[in-house]
**Q** 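Before we start, here is the structure in question, set down as structure tokens.
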Amino acid sequence: MTSPFDETALPELAQIRRLIEPANPHLQARVLCEITTGGQRLPVHAIALGNPDPALPAIGFFGGVHGLERIGTQVLIAYLQSLCARLPWDRLLHQQLDQLRMVFVPLINPGGFLRRTRANPAGVDLMRNAPIDADESPPFLLGGQRLSRNLPWYRGPDSAPMQAESAALCALVEAELLPRQFSLAIDCHSGFGLADRVWFPYAHTRRPMRHLPEVLALSEILDNAHVHHRYVVEPQSRQYLTHGDIWDHLHVHAPHVFIPLTLEMGSWLWVKKNPSQLFSRQGMFNPMVEHRQQRVLRRHAAWLDFMARAAASHALWQPHGDARDVAEQRALARWYSPPERR
Ligand SMILES: [Zn+2]
């Protein structure tokens with residue numbers, strides 16, 4: 001099959017195609033939208049597996065929102081490859097899939113990947129593009145700006161519709177995740193800090209989100225099941241506020257329990273261990289040494305699998321009634337008390 005895009009310039013998109021092109025009765029793949037840039041037509045692929053029954057929980061895995069952060073897409077492709085390789089023989093995986101819907105959009109911004117830019121080909125930062133404003137002034141530029149598409153963190157023109165990639169992502173989440181009583185979303189990024197962080201909403205306000213007890217319960221089952229994990233779980237607002245966060249936008253309108261998490265893989269450690277990466281645009285956001293890249297792919301696979309199991313079994317750990325009130329108080333003390341009392 002001839003490819004409409006240059007596979008050497010976009011190896012991750014080629015990998016996704018190789019996963020979905022062989023007929024596989026367990027996978028449903030479709031193209032959410034197509035982005036045209038540099039004379040190439042680039043598809044945004046969605047891949048679903050598991051039970052579509054809307055009465056069941058779902059988990060969505062998302063990556064490649066930012067074109068420089070390739071490692072997030074690579075982590076998701078590695079996880080998806082592992083699932084596909086296990087489908088022919090893994091009975092326990094099929095039991096999980098009987099009780100869970102899994103959806104993947106591993107490469108949301110193929111134009112940014114091709115052009116090696118954080119933004120999409122229109123210069124818009126897809127993580128600043130949703131119609132939601134911060135309720136206090138976020139950091140200058142970083143928090144999202146409408147001054148110019150030539151500056152980073154551009155939100156897009158005022159009152160314009162969302163970019164095609166953002167709109168397609170919202171439509172998928174609204175169709176596959178939000179109608180369910182319980183859903184999780186994992187959006188994989190890199191580039192912030194030394195530690196691997198797991199951010200939950202909100203980014204537009206310092207106010208607590210309404211599913212705080214569920215987030216606390218989820219982080220506690222992670223702490224108990226993976227005692228040596230190093231993820232720092234916190235609301236994004238503890239680091240910085242932004243305009244236009246797509247997960248805030250989706251969460252605000254979610255009718256049921258919806259927990260969108262952003263995995264921010266700490267890339268500064270990769271740079272610290274290999275300072276020459278500082279001089280490479282890709283190097284700030286991706287491990288450049290092969291053994292380090294492999295370690296990153298391995299480490300997060302366990303966490304992604306844990307999250308899928310947690311979604312499938314949410315009824316067994318989700319707090320209710322008085323326990324939910326207690327969890328809320330503990331979550332407020334853990335994440336929202338003033339710094340001196342932390
Ligand atoms: Zn990012």
Side-chain angles (χ1 to χ4, degrees), residues 12 35 44 60-77 104-130 132 134 138-139 141-145 149 151-156 162-163 165-166 168-170 173 185-204 231-250 260-271 277 280-288 293 296-297 300 303-304:
E12 291 88 356
I35 305 301
V44 177
F61 296 97
F62 306 94
V65 164
H66 291 135
L68 290 169
E69 302 167 21
R70 308 184 91 92
I71 186 68
T73 293
Q74 292 165 4
V75 162
L76 291 184
I77 290 172
F104 289 80
V105 187
L107 180 38
I108 292 162
N109 179 12
F113 264 54
L114 184 73
R115 297 158 54 94
R116 296 177 187 257
T117 57
R118 173 182 170 94
N120 76 352
V124 176
D125 186 329
L126 300 176
M127 211 32 76
R128 304 288 185 273
N129 181 229
I132 187 165
L141 297 183
L142 168 70
Q145 52 84 18
R149 53 166 287 171
L151 292 169
W153 303 295
Y154 179 51
R155 301 181 65 185
M162 270 190 280
Q163 296 292 299
E165 301 93 329
S166 308
L169 181 60
C170 286
V173 170
I186 311 283
D187 181 16
C188 300
H189 292 250
S190 61
F192 183 87
L194 283 167
D196 292 326
R197 287 168 192 278
V198 176
W199 282 340
F200 59 86
Y202 289 116
H204 77 288
Y231 295 97
V232 178
V233 182
E234 62 185 2
Q236 175 170 346
S237 59
R238 243 166 84 157
Q239 296 301 334
Y240 56 90
L241 297 184
T242 71
H243 296 301
D245 185 278
I246 200 165
W247 299 113
D248 279 20
H249 166 67
L250 287 162
L261 301 173
T262 300
L263 170 62
E264 274 286 347
M265 285 174 259
S267 65
W268 297 356
L269 196 64
W270 311 329
V271 176
Q277 286 192 205
S280 142
R281 261 158 73 71
Q282 297 286 320
M284 285 301 289
F285 301 95
N286 305 286
M288 304 293 276
Q293 185 200 28
V296 170
L297 297 183
H300 297 299
W303 182 75
L304 296 176

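Note that the coordinates shown come from a computational prediction; the quantities given were computed from them, not determined experimentally. Note that ligands are numbered from 1 as they come in the structure, with each ligand's atoms numbered from 1 the same way.
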**Q** Any chance you could lay out the side chain to side chain contact (heavy atoms under 4.5 Å, CB included) test for Tyr154 and Asp125, step after step, and finish with the verdict?
**A** CA-CA 5 Å; Tyr154 179 51; Asp125 186 329; 5.6 Å; no

**Q** Anything protein N/O/S under 2.8 Å from the Zn ion (ligand 1)? Just list residue and atom, please.
**A** His66 ND1, Glu69 OE1, Glu69 OE2, His189 ND1

**Q** Quick one: are Ile108 and Phe62 in side-chain contact, heavy atoms under 4.5 Å?
**A** yes

**Q** Can you name the residues that form a ring pair (Phe, Tyr, Trp, His ring centres under 6.0 Å) with His66, not counting sequence neighbours?
**A** His189

**Q** Are any non-hydrogen side-chain atoms of Asn109 and Pro121 less than 4.5 angstrom apart?
**A** yes

**Q** Regarding Gln239 and Glu264, is there a side-chain donor-to-acceptor distance under 3.5 Å anywhere?
**A** no

**Q** Could you pull out the closest heavy-atom pair between Ala130 and His249, with the gap in Å?
**A** CB-CB, 3.7 Å

